[in-house]
Amino acid sequence: MAARRADPELHVRRRASILDAAARVFAQKGYSRARVEDIAAQAGLGKSTIYEYYDDKSALFTALFERFLGEMTDAFELGMAVPSGGSPAQTLLDYARANAALIRESVEFAPLGLEFYSASATPEARECFVADFSELYRRLREVVAACIREGCERGEFRPDVADSADGLAAAYVGAFDGLMLQTWFDERFDVVAAADALMRTLVAGMRPRADEQEAP
């Protein structure tokens, strides 16, 4: 009897299921208290099955971090893509609202982000995590800065704003780290309203002044 071929789609689905389970367990228990058997139970699998896909808890955590980086970058680049004929200013506002809503809806996973940040401070993981975080933030800043500069080219923002695009992009990206933390620590905090108010003020500050819009 010929041996059955492994189902590649099942392999992909199971790996994703394991990482989903790991995300919940690491978010609930933290890295130090989480066990592989906890992740297996969350995934509805045997512990031995987990080891068929990942060597140990550290490998699971690293794989989860890599997925987090990829999803974060993809979502940001997609959300910040200005539609053909669209408005860079509206794109900044729309993505801010969408991202704030996502923070609110996934607040239970905020501790997982903190676990990733914490890992970057440990000697054994610092080199990998710091380098990856650095690249992530660099890419996010580039995407926002490009949107701001496009707004300058289209006349939505003042021309001089282009010189400050990198700094403004850093503030835009950094604001969401702060919003995430406030959402996690204060259940009464309205992250969507706060993000909307912040970004409306930012966009308004970049628009041409009234005297610059007047006809000569």
Side-chain angles (χ1 to χ4, degrees), residues 65-106 110 113-114 116-121 126-186 189-216:
F65 177 62
E66 290 173 350
R67 186 175 78 169
F68 163 81
L69 292 176
E71 290 177 347
M72 177 76 76
T73 304
D74 290 346
F76 214 87
E77 291 183 341
L78 180 62
M80 292 299 300
V82 179
S84 177
S87 162
Q90 194 61 49
T91 296
L92 289 169
L93 291 167
D94 288 346
Y95 186 74
R97 296 186 187 112
N99 199 28
L102 181 60
I103 289 173
R104 181 180 60 190
E105 294 163 7
S106 59
L114 298 179
F116 291 146
Y117 287 130
S118 179
S120 67
R126 182 176 300 150
E127 183 175 350
C128 170
F129 277 70
V130 168
D132 286 343
F133 265 126
S134 177
E135 177 61 21
L136 170 66
Y137 281 121
R138 183 195 64 78
R139 183 61 192 137
L140 300 187
R141 292 193 303 269
E142 284 182 348
V143 172
V144 177
C147 184
I148 292 173
R149 290 190 177 99
E150 185 171 351
C152 294
E153 292 173 1
R154 295 190 184 190
E156 287 191 48
F157 304 144
R158 300 191 314 276
D160 63 289
V161 168
D163 296 333
S164 304
D166 292 334
L168 292 169
Y172 185 96
V173 172
F176 286 98
D177 282 342
L179 291 171
M180 182 271 290
L181 289 173
Q182 292 177 75
T183 304
W184 167 241
F185 288 123
D186 184 357
F189 180 64
D190 188 340
V191 63
V192 176
D196 189 60
L198 175 64
M199 296 311 158
R200 281 184 176 279
T201 301
L202 175 64
V203 167
M206 293 190 294
R207 290 193 184 279
R209 291 182 287 270
D211 60 332
E212 294 175 333
Q213 294 177 325
E214 295 178 355

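Below, all heavy atoms of this structure are taken into account, side chains as well, without hydrogens, waters or symmetry copies.
The heavy-atom pair separating V161 from C152 by the smallest distance is CB-SG, 3.8 Å. The nearest pair of heavy atoms linking S87 to R154 is N-NH1, 4.2 Å. What you find for L168 and M206 is that their closest heavy atoms are CD1-SD, 3.7 Å. Across all non-hydrogen atoms, the minimal contact from A145 to A169 is N-CB, 3.6 Å. The nearest pair of heavy atoms linking L136 to M72 is CD1-CG, 3.8 Å. Taking every heavy atom of both residues into account, P208 and G155 meet most closely at CG-O, 3.7 Å.
The closest side-chain heavy-atom distance from T91 to P83 is below 4.5 Å. R139 places a side-chain heavy atom less than 4.5 Å from the side chain of E77. Two residues are said to be in side-chain contact when any heavy atoms from C-beta on lie closer than 4.5 Å; F176 and L179 meet this criterion. For the pair R97/D94, a side-chain contact is recorded, criterion being any heavy-atom separation below 4.5 Å from C-beta on. Side-chain contact between R141 and D166: absent, with no pair of heavy atoms (C-beta onward) separated by less than 4.5 Å. Counting heavy atoms from C-beta outward, L198 and Y172 have side chains that stay 4.5 Å or more apart. The side-chain heavy atoms of R207 and R158, taken from C-beta on, include no pair separated by under 4.5 Å.
Separation of atoms CZ (F133) and CZ (F65) is listed at 4.0 Å; rounding is to 0.5 Å. Atoms CG and CZ, on L140 and R138 in that order, are 9.5 Å from each other to the nearest 0.5 Å. Rounding to the nearest 0.5 Å gives a distance of 11.5 Å between CG of L102 and CE of M180. The distance from the OG atom of S164 to the CZ atom of F157 is 12.5 Å, given to the nearest 0.5 Å. T183 OG1 to D190 CG: the interatomic distance, rounded to the nearest 0.5 Å, is 9.0 Å.
Under the 30°/60° scheme for interplanar angles, the aromatic rings of F76 and Y95 are found to stand perpendicular. In this structure, Y117 and Y137 have parallel ring planes: the angle between them is below the 30° cut-off, well short of the 60° mark.
For the residue pair Q182 and D186, no side-chain donor N or O sits within less than 3.5 Å of a side-chain acceptor on the partner.
Residue L92 is tested with L202, V82, V144 for a side chain to side chain contact (heavy atoms under 4.5 Å, CB included); the sole match is V144.
S134 places no side-chain N or O within donor-acceptor distance of the main-chain N or O of V130, the cut-off being under 3.5 Å. Under a 3.5 Å cut-off, the side chain of S118 and the backbone N or O of L114 do not form any donor-acceptor pair.
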**OP:** May I have the step-by-step check of salt bridge (Lys or Arg N to Asp or Glu O under 4.0 Å) for E153 and R149, ending in yes or no?
**Re:** CA-CA 6 Å; E153 292 173 1; R149 290 190 177 99; over 6 Å; no
